[in-house]
Amino acid sequence: MVRETAGIVAYSAGEWHEALTELRAARRMSGSDFLLPLIADSERGLGQPRRAVEIADSEEAKALTGETLLEMTIVKAGALIDLGEPEAAVKAFASQDLTPGRVGTDAARLFFAYASSLETAGRRGDAITWFQNAASADVDDETDAEFRLMDLLEGAATIEAGEASVDVRTTLGEQYDVLLLDLDGTLYTGTKVVPEAIEAVAATKGSALFVTNNASKTPAEVQEHLIGLGFEATAEQVVTSAQAGAGLVAETVEAGAKVLVVGSEALRGEIRARGLEVVESADDEPAVVVQGHSPETCWAQLSEGALAIRRGAAWIATNVDTTLPTERGLLVGNGSMVAAIASATGATPAVAGKPAAPIMRSALSRTTGQRPLMVGDRLDTDIEGAHTVGIDSLLVLSGVTTGVELVAARPEERPTYVAADLGALNDPLSNSVIGPRPEWSIEINAQHVSVASRGEGTVPGLAAALANAVWTADVGSFDLRIAAEDDASAEALAELGFTALR
């Protein structure tokens, strides 16, 4: 213990020779490898990064777990950067849990080190994203991720784009090669098209996929609706929760099994297409009940589903969206119907639609793109669905989500970007990334938030800055008191759904 303590003190003081001597002695005496990261980093301190990499790649280091493995990964990445191999440093993090939305010191240090490696490799756009993730995770202020993020956003940074380097102000859309687009609330509400949505879809030149939780229509019917509104679309670009639900049913039961469908004819068609038998009554002894949205669903159908589930049938829901946005407002969604059966049976369904993995994986399987972006208006479906499969996301404020809900978002519901609508795809990336904005000053003291205008700021820009400040301070779950210091901030907060104090 004495040798270990002496080694750690020497390491902290930058006395690398003494640190190595004491740490190696402590390791020999204890027989434990948990000091290996400090030993490797001391080799770095002595100007021997290659030796540090060799230690990190040793069999003993490969057996490390948890926090000790994280430390060794960070040391190895730093040593590779010392050796002028930044891309190798980025790859060193492949074994770590790089799931955005995690919080705590370990997650913050991991994200920060990964972001630093990305920045050194010249991938400044990705670095911005991961410094933002680090800032959101750093609830104990163990890193300076927020300041690094501000430097990147305010400076004339460059982003790697294929063989060329472009200004950080390159458009958001140029950073991704396929878009997964939600429909209701993102492209349109009922028969009303969201501004700039048609132009944004046309700019994708067919690389976009339309991913909808609505199971009431076939892909061809969705295509027809999109074309009728002015969009360019093919049936092959449409991914529905009915398809995902039917696929999940087929994985659950054997071919030819009986399936009770509580939902639309489109869902029945998807079930039949997978070689399964559609039945209408619990008395037919179905092996599974699958439930999707249909405006024709009635008490009798819900009751048949409840009876079958109580008799032992498996239960799959295409989605659990409680509401359905239209030009008239929010109507009852499939999730509300699912809640009725859940209340009657005490059961919980498996879910195929967003945010669950089946529909997201189905969408990704249809593209060869390497840089997908999920775009949607719901935190608990579109954005959480992106987190489920580890891709970036853009929240548009054209649908159901308000600024109040964004600020209160759980880590797994937090988007990479926020914007008013799809027009943001043609704007500079820095306009939409979650992070500080020089045009808005935000101060947080306990549950009290003060907002002041410092320039010609936008409402989405305030949403991005306010979300970043609240998430970084980890006060999103509190009953916040938000004060506006001037008319501009009061008006912007009101547009986001806040009732600001003056």
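Proximity of a side-chain donor or acceptor of T472 to a complementary backbone N or O of A469 within less than 3.5 Å is not detected. The backbone N or O of A340 lies less than 3.5 Å from no partner atom in the side chain of S343, so there is not a single donor-acceptor pair. Remark: side-chain polar atoms of Q370 are paired, donor with acceptor, to backbone N or O of T368 under 3.5 angstrom. Proximity of a side-chain donor or acceptor of Q237 to a complementary backbone N or O of A208 within less than 3.5 Å is detected.
Using a 4.0 Å cut-off between charged side-chain N and carboxylate O, E439 and R437 make no salt bridge. Using a 4.0 Å cut-off between charged side-chain N and carboxylate O, E270 and R274 make a salt bridge. In this structure, E265 pairs ionically with R272, as a charged nitrogen and a carboxylate oxygen lie closer than 4.0 Å.
With hydrogens and angles left out, the side-chain atoms of T212 and N214 include no donor and acceptor closer than 3.5 Å.
Separating the OG1 atom in T240 from the CZ atom in F210 is a distance of 14.0 Å, to the nearest 0.5 Å.
Here the side chains of L110 and L98 are in contact, with some heavy-atom distance below 4.5 Å.
Atom CD of E199 sits in a crowded spot, with more than 12 heavy atoms from other residues, nucleotides or ligands closer than 6.0 Å. Within 6.0 Å of the CD atom in E232, the count of heavy atoms belonging to other residues, nucleotides or ligands does not exceed 12.
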